[in-house]
Amino acid sequence: MNFVIDAELCVGCLACVRVCPTDAIAVAVDEPLLLRIDDEACIRCGQCLPACPHGAVKVNGEIGRALAIAAEGDGVLILSPESVAHFYPATPEQVINACYLVGFRAVTRGVIGDELVAAEYLKLWEEEPWGTLIRSTDSVVVDTVRLQFPELLPYLAPVTVPPVAEARYLRAQYGPGLKIAYAGICPPIHSSELDAAITFGDLDQIFRIRGANVLTQPIFFERVPEERRRHLSAAGGLPLALLEQARYSSRRFRKLRGLDALKALARAVAVDRLDLGFVDILATEGSLDHPMSGPRDELFWRRELLASTEPPRSRFPVVDTAVTASYGAAFEIKQRPIRATPEAVAAILEQIGKGPNGRPWDCRACGFNTCQRFAESAALGRASLRQCTPYQERRAEEAQRAAAADALTGLSTYRVLRERLAFEIERSKRSNEGFALLFLDLDLFKQVNDQYGHEAGNEVLKAVAEEIRNAVRVSDIAARYGGDEFVVILTRTDLQGGARVAEALRAGIEGIGRRLGYPTGMVTVSIGLAEFDPHLPETADLLVAADRALYRAKAAGRNVVA
């Protein structure tokens, strides 16, 4: 699962990186900024989503695999019930009909998986004594235990997550070669038992790619629907019988919410040796409370919407008992590297660079005491070069220089032009010295592109830029205005001086065409000339005045100065 930051929105504050409880987010420095998730280490709790103050974080699942399954037309989609809130105002019938339209042979609602897991928990509930048993269907809790609290591993209930349980059930029923995709709020990415795991946003994209408009689908099921009723489970696979225990002060059942409870739980079990009974712990209140579900202030609206679409509960089992499969799970401790290789640390230190005295900065702005310690953490993926102030300052300077120069011609950009033009106007008012402005437009540049190709056009633009650089002084400003238009600010220059420079540029650019072998008249320029006089009242934008002069030059037959 990739958490991608839109570089246009996010300024790189990395608030999302700092809240990852497992330090599993590695940062690629190159734009666009990409937060790569270590799927073995990250709990995929989605805390980075609300932490981003710019709303720029997007989540991608295995959409390519899901598209391939849909294209084959013989796969099954397990669609989590929470899709009702994501696709509102579309009805569940319309969403499922759209899934059929894009190519899925069957669409299940995830109810079977919850029922299977709930049945397994009821079996464990009836077995006594078992001391402490921690519910394990929440992959967030499981991965956090594996990474940070391995002493709790023996107490995890050996039951798989509902999507995997349903996939095993479907393959036992229809054959081991059945392709299965799962769409949910926080899907178990890279599960070997799911051929594809996607988010609802990915499913939305599949609808667009395959040309399925959800809102135009029929509001009734076009095919006989799969089982949608529950018998003994609640959402997430928790048995209703256990939820009934939560109403009382039962010593056999404890309901915990939030990962912060794991630390106290580990102490109670491993240090104090307490028997806590069945412990139902989730990272959030439920799927609808997950940060990837939407804004927190819409939680109760999502719950009401889901409740209004749930069919009546079945009085009889909804799972075919003739289908036999195993729904157990085994958990292993994930060993994370505790020391970085010297080569990796040296590479980070090289990127950081040296201070003015030739030694590492050790400015402590990143929160580490030395550059060496920071580099060791960064090499392990537990820190980011975005935290390094000297590195970021150097990157900012490089980016500022890059933004000030046009990539093709090397002249100044339009932004720099506007800033310098405003500066020159204020300077002129203070010094009572005017200046001239030239607006250049190549006359038949489109014909060059059409007849000789855009690479040839780029060569002409670079040659024109070089001609302009050679014709102006160091104190003047030459900028690419856009396309085949250029602007030159001639400081401390009156209208007559500007006319001489403009005529030299016109003749020089006409000579470019001859040097490059183009037909006579193919590469020429029209130039509009305007002057800023500090003694006269400002009547119009200087660029507008030069642009009007340029139009007069075009009207006069091109290849002239007006």
For the student: nearest non-hydrogen atoms of [X] and [Y], plus distance:
X: Thr284; Y: Arg257; value: O-CD, 3.2 Å
X: Asn213; Y: Thr216; value: O-OG1, 2.9 Å
X: Ala268; Y: Leu276; value: CB-CD1, 4.1 Å
X: Tyr121; Y: Ala157; value: CE2-CB, 3.5 Å
X: Ser293; Y: Ile185; value: OG-CD1, 3.0 Å
X: Ala181; Y: Phe104; value: CB-CE2, 4.2 Å

Spatial distance of atom [atom1] ([X]) from atom [atom2] ([Y]) [nearest 0.5 Å]:
X: Leu194; Y: Arg168; atom1: CG; atom2: CZ; result: 10.0 Å
X: Phe149; Y: Leu156; atom1: CZ; atom2: CG; result: 12.5 Å
X: Ile198; Y: Phe200; atom1: CD1; atom2: CZ; result: 9.0 Å
X: Thr132; Y: Arg254; atom1: OG1; atom2: CZ; result: 8.5 Å
X: Thr199; Y: Tyr182; atom1: OG1; atom2: OH; result: 11.0 Å
X: Ile134; Y: Leu152; atom1: CD1; atom2: CG; result: 4.5 Å

More than 12 non-hydrogen atoms from neighbouring residues, nucleotides or ligands closer than 6.0 Å to CD on Glu72, yes or no? yes

Surrounding CZ of Arg208 (heavy atoms of other residues, nucleotides or ligands, distance under 6.0 Å), is the total greater than 12?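 Correct, the count exceeds 12.
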
Run Val84 and Arg109 through side-chain contact (heavy atoms from CB on, under 4.5 Å) and show every step you take. CA-CA 11 Å; Val84 172; Arg109 294 274 289 167; 4.0 Å; yes

Check for a donor-acceptor pair, side chain of [X] on one end and backbone N or O of [Y] on the other, with a separation under 3.5 Å.
X: Arg229; Y: Pro311; answer: no
X: Asp280; Y: Lys255; answer: no
X: Tyr155; Y: Ala266; answer: no
X: Glu93; Y: Phe221; answer: no
X: Ser136; Y: Val142; answer: no
X: Arg313; Y: Ser233; answer: yes
X: Asp202; Y: Ile63; answer: no
X: Glu115; Y: Leu232; answer: yes
X: Asn97; Y: Phe220; answer: yes

Does any part of the side chain of [Y], heavy atoms only, come nearer than 4.5 Å to the side chain of [X], both counted from C-beta?
X: Arg223; Y: Tyr100; answer: yes
X: Trp125; Y: Leu133; answer: no
X: Ile78; Y: Pro162; answer: no
X: Glu151; Y: Val271; answer: no
X: Leu242; Y: Leu122; answer: yes

Before giving the answer on side-chain contact (heavy atoms from CB on, under 4.5 Å), spell out for Phe87 and Gln94 the whole-Å C-alpha distance, their side-chain angles and the decisive distance to 0.1 Å. CA-CA 9 Å; Phe87 290 100; Gln94 289 178 309; over 6 Å; no

Identify whether the distance between the nearest side-chain nitrogen and carboxylate oxygen of Asp74 and Arg105 falls below 4.0 Å.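 Yes, charged N to carboxylate O under 4.0 Å.
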
Verdict with reasoning, Leu116 to Ile112, per side-chain contact (heavy atoms from CB on, under 4.5 Å): CA-CA 6 Å; Leu116 293 168; Ile112 297 298; 3.8 Å; yes

Taking only residues two or more places apart in sequence, or in another chain, which ones meet Arg267 in a salt bridge (charged side-chain N to carboxylate O under 4.0 Å, His left out)?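 Residues passing salt bridge (charged side-chain N to carboxylate O under 4.0 Å, His left out) with Arg267: Asp272.
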
Among residues at least two apart in sequence or on other chains, which ones pass side chain to side chain contact (heavy atoms under 4.5 Å, CB included) with Leu299?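 Testing Leu299 for side chain to side chain contact (heavy atoms under 4.5 Å, CB included), a comparison that skips the adjacent residues, returns Leu288, Asp289, Arg302, Arg303.
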
Mind checking what makes side chain to side chain contact (heavy atoms under 4.5 Å, CB included) contact with Ala172, not counting sequence neighbours? Val323, Ala325

Whether Phe278 and Phe253 hold their rings parallel, tilted or perpendicular, with breakpoints at 30° and 60°: parallel

By the definition side-chain contact (heavy atoms from CB on, under 4.5 Å), identify the one residue from Thr91, Ile96, Leu101, Val95 that meets it with Gln217.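 Result for side-chain contact (heavy atoms from CB on, under 4.5 Å) with Gln217: Leu101.
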
Exercise: do Glu166 and Thr108 side chains pair donor with acceptor under 3.5 Å: yes

Test side-chain contact (heavy atoms from CB on, under 4.5 Å) applied to Val159 and Leu124, step by step: CA-CA 10 Å; Val159 183; Leu124 294 172; 3.9 Å; yes

